[in-house]
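Report on the following structure.
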Amino acid sequence: MRILQLHCDSIEYTPTKKEIKNAEDDVSTETIKLEELVVAFVAVEKGDDSSVAQDAISQIKNSMEKIGCKKLLLYPYAHLSSNLASPSLALSLLKEMESYSGSLEVSHSPFGWTKSYKVQVKGHPLAESSKTITKNESTLDESKEEVTSNALKSESKIQSFWYILSPNGKMSPMSEFNFANHKKLEILSKYESAKKRSVDEPPPHVALMKKMAIADYEPASDSGNMRFFPNGRLIKSLIEQYVTSRVKEYGGYEVETPIMYDSNHPSMVSYFNRFPARQYNIDSEGKKLFLRFAACFGQFLMANEFQLSYKNLPYRLYELTRYSFRREQSGELVGLRRLRAFTMPDCHAFCKDMDQSIEEIKKRFDLSQSVLKELGIQESDYEMAIRFTEDFYNENKKTIEELVQRLGKPVLVEMWKEKFFYFVLKWEFNFIDTLGKASALSTDQIDVENANRYGIDFVDENNVKKNPIILHNSPSGAVERIIYALLEKASLDSKQGRKPQIPLWLSPTQVRIIPLKDEFSGICESLAEKISLRNIRVDIDDRNESIGKRIREAEKEWIRYILVIGEKESNSENLSIRDRQTGELRNLTFEEFIKEFELQTKGKPVSSLNMPKYLSQRPQLMV
RNA sequence: GCCAAUGUAGCUCAGUCUGGCUAGAGCAUUCGACUUGUAAUCGAAAGGUCGUGGGUUCAGAUCCCAUCAUUGGCUCCA
């Protein structure tokens with residue numbers, strides 16, 4: 001329970017509007033004026049009970065005795081807390097407090113109403129005080145609470161300055177920029193700076209992820225923890241393989257680190273001190289463990305063990321975290337866009353100085369852009385935001401401008417007067433969906449704090465120990481979010497009259513064979529064999545359904561190539577291929593077809609079919 | 001987390017306002033017939049704790065309270 005207590009000359013309030021369903025009835029909307037009293041603004045919080053109410057009223061009584069005041073107004077005031085109890089409980093505890101008042105003259109202002117009020121507070125030192133009262137508070141919880149609120153306090157003090165930086169180096173205040181040719185950037189800018197949104201429908205990918213049997217909510221788990229069906233797992237796995245191979249190509253070394261850490265480990269304590277985390281906590285044998293919300297700790301703690309020389313740098317560690325956990329507020333979770341458990345490729349580069357960091361960040365910028373492109377997300381699908389401190393900008397103007405040139409279009413700039421986070425620069429690519437939502441995909445940061453915090457050092461040319469600068473990069477962003485982006489893009493295509501699709505290399509079924517009659521099943525079987533030997537996922541619709549229906553369903557599954565096998569095909573060397581992209585029937589030889597296919601999936605990982613080859617043996621998952 | 005809307009068969013939904021007959025439909029599933037030439041063949045059967053818990057009532061999918069989940073807005077997004 002949180003209480004703000006004011007000793008007042010007078011208070012005047014007028015109930016104006018019933019705000020919630022459980023508001024008190026029988027409330028007159030006349031103005032009430034009270035004089036010479038103590039006003040206690042009260043917010044009842046989760047976990048409060050009558051013992052808290054008693055404690056609260058006795059504390060108030062004590063302080064009122066000191067100042068010699070007999071009149072108390074309990075004023076329900078939800079805004080004191082972000083962890084409110086349910087309205088019905090709050091109301092009953094308020095009434096309870098009123099009944100414990102003893103010799104005091106106590107009243108309360110109506111609960112659940114918007115009220116206008118005017119208050120005249122006295123000037124003496126004891127006139128104003130605030131209290132937080134909780135049940136059985138342990139010292140540990142208390143200190144954590146303190147840490148969180150301090151961190152939140154400093155975060156809320158951040159003042160941002162917003163600009164748009166164009167590739168020609170021109171930096172204009174956001175309000176003066178002409179967004180006419182940059183609609184998506186305008187969306188991002190408003191989204192970030194003004195937090196403006198206006199949507200009243202669920203994002204289309206939520207229906208698609210179920211329909212395509214990719215993923216679904218798991219009611220037996222916590223919100224934001226999804227289940228992935230065979231199709232979804234296949235797609236995820238291919239994306240994971242691809243991103244991992246690209247990071248290794250760039251120079252990252254893949255590691256694996258624990259998913260849970262001890263909150264009381266010294267390095268964690270100071271990390272928490274800097275960041276108010278919403279994480280999953282687990283109590284185990286007296287330890288307070290939490291589930292990782294990034295790969296940072298694992299890699300930092302590992303790097304801490306390394307004997308590093310400047311000659312080893314830059315050194316890059318990479319992990320594909322399945323999962324990272326963030327206990328986001330339940331209201332923030334949406335489909336695959338924002339989860340509590342997600343798969344995050346996370347690559348840290350340890351650099352010897354700022355010059356090396358800047359060289360490195362450029363490489364990773366190109367890597368991220370290329371990875372997204374190959375995953376099927378084009379430059380026109382996202383907008384870049386770059387954030388830095390004023391000092392960093394003044395010293396590294398050229399680098400920042402160069403990054404913007406590499407992107408080739410204007411970007412949103414957020415500038416801070418001082419460093420609030422551990423980084424001096426951060427950029428991200430934000431996917432903008434049809435409904436105007438922005439979500440970060442690739443990102444990189446220049447971290448100048450954590451090496452010191454985690455005791456990571458290297459020996460430089462002069463035999464001096466130094467802390468490296470650490471870059472934090474995810475070249476693709478969360479894998480689930482990539483799937484979200486691909487599905488949202490597909491839905492947009494469909495809305496605009498184009499055929500929705502996902503990249504061929506990610507399709508659960510790449511080729512479908514449909515025998516016209518049962519008698520062709522042998523030919524189909526051997527053709528399928530031949531095709532799958534070339535690492536193509538092929539299946540056979542052997543169900544006793546009309547040809548029209550089987551074609552229709554293949555189309556609904558977004559299958560790119562359909563081969564109908566009948567009399568004609570069994571007597572011919574050529575394949576008659578229904579190409580979904582063009583909607584046309586084409587005649588190709590087997591090798592021509594394979595060649596066309598391989599051209600489109602070149603350089604991408606392959607994986608075999610992740611469901612029964614025969615549709616008749618396949619459970620119905622999609623609708 | 002707060003506010004609001006939604007929750008009925010495996011899926012998509014009707015029925016709820018105004019309580020009352022055996023809770024309906026389409027798709028999917030099973031069975032039977034049909035043997036198909038490029039986006040839905042025909043028939044039958046089976047399938048329901050009406051999100052969950054409590055209450056009011058002679059009677060609850062329907063009204064009331066609580067709770068959970070999803071979606072939207074706020075907040076948040078290291």
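All chains are named by letter (A, B, ...) in the order of the sequence lines, taking the proteins before the strands, and each is independently numbered beginning at 1.
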Hey, what are the protein-to-nucleotides 45-52 of chain B N/O distances that come in under 3.5 Å?
none

> Quick one: CD on A:Glu567 to OG on A:Ser572, what's the gap to the nearest 0.5 Å?
Replying inline: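 If we round to the nearest 0.5 Å, A:Glu567:CD and A:Ser572:OG are 12.5 Å apart.
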> Does A:Lys556 put a side-chain nitrogen or oxygen below 4.0 Å from OP1 or OP2 of B:rC27?
Replying inline: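 For A:Lys556, the contact criterion (side-chain N or O under 4.0 Å from OP1 or OP2 of B:rC27) is not met.
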> OP1 or OP2 of B:rU12 less than 4.0 angstrom from a side-chain nitrogen or oxygen of A:Lys211, does that happen here?
Replying inline: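 Looking at the OP1 and OP2 atoms of B:rU12, neither is under 4.0 Å from any side-chain N or O of A:Lys211.
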Which base, if any, makes a Watson-Crick or G-U wobble pair with [N], both distances under 3.5 Å?
{"N": "B:rA33", "result": "B:rU41"}
{"N": "B:rU62", "result": "none"}
{"N": "B:rC13", "result": "B:rG24"}

>> Would you measure the distance from the P atom in B:rA23 across to the matching atom in B:rC50 and give it in whole Å?
In response: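 Their P atoms lie roughly 11 Å apart.
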> Would you call the rings of A:Phe293 and A:Phe297 parallel, tilted or perpendicular if under 30° counts as parallel and over 60° as perpendicular?
Replying inline: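 The rings of A:Phe293 and A:Phe297 stand perpendicular, inter-plane angle above 60°.
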Is there any protein nitrogen or oxygen under 3.5 Å from a nitrogen or oxygen in nucleotides 41-43 of chain B, and what are the pairs?
| unit_1 | atom_1 | unit_2 | atom_2 | d |
| --- | --- | --- | --- | --- |
| B:rU41 | OP1 | A:Ser546 | OG | 3.3 |
| B:rU41 | OP2 | A:Ser546 | OG | 2.6 |

> Considering only heavy atoms and no angle criterion, is a donor-acceptor pair shorter than 3.5 Å present between the side chain of A:Arg578 and the base of B:rA39?
Replying inline: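 Answer is yes: a donor-acceptor pair is held.
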> Does A:Glu332 get its side chain close enough to the base of B:rG73, under 3.5 Å, for a donor-acceptor pair?
Replying inline: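 No.
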> From B:rU36, B:rU29, B:rA39, pick the nucleotide closest to the side chain of A:Ile551?
Replying inline: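 Looking only at heavy atoms from C-beta outward on A:Ile551, the closest nucleotide is B:rA39.
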> In terms of side-chain heavy atoms of A:Pro203, which of B:rA39, B:rG72, B:rA28 is nearest?
Replying inline: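 Of the options given, the side chain of A:Pro203 lies nearest B:rG72.
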> In terms of the nearest nucleotide of RNA chain B, which residue is placed more toward the 5' end: A:Glu555 or A:Glu519?
Replying inline: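 Between the two, 5'-proximity favours A:Glu519.
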> Can you tell me how far C1' of B:rC76 sits from CZ of A:Phe421, to the nearest Å?
Replying inline: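 Taking CZ of A:Phe421 and C1' of B:rC76, I get 12 Å after rounding.
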>> Classify A:Ser439 by what it touches in the nucleic acid, base, sugar-phosphate, or nothing, heavy-atom distance under 4.0 Å.
In response: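 Nothing, no heavy atom under 4.0 Å.
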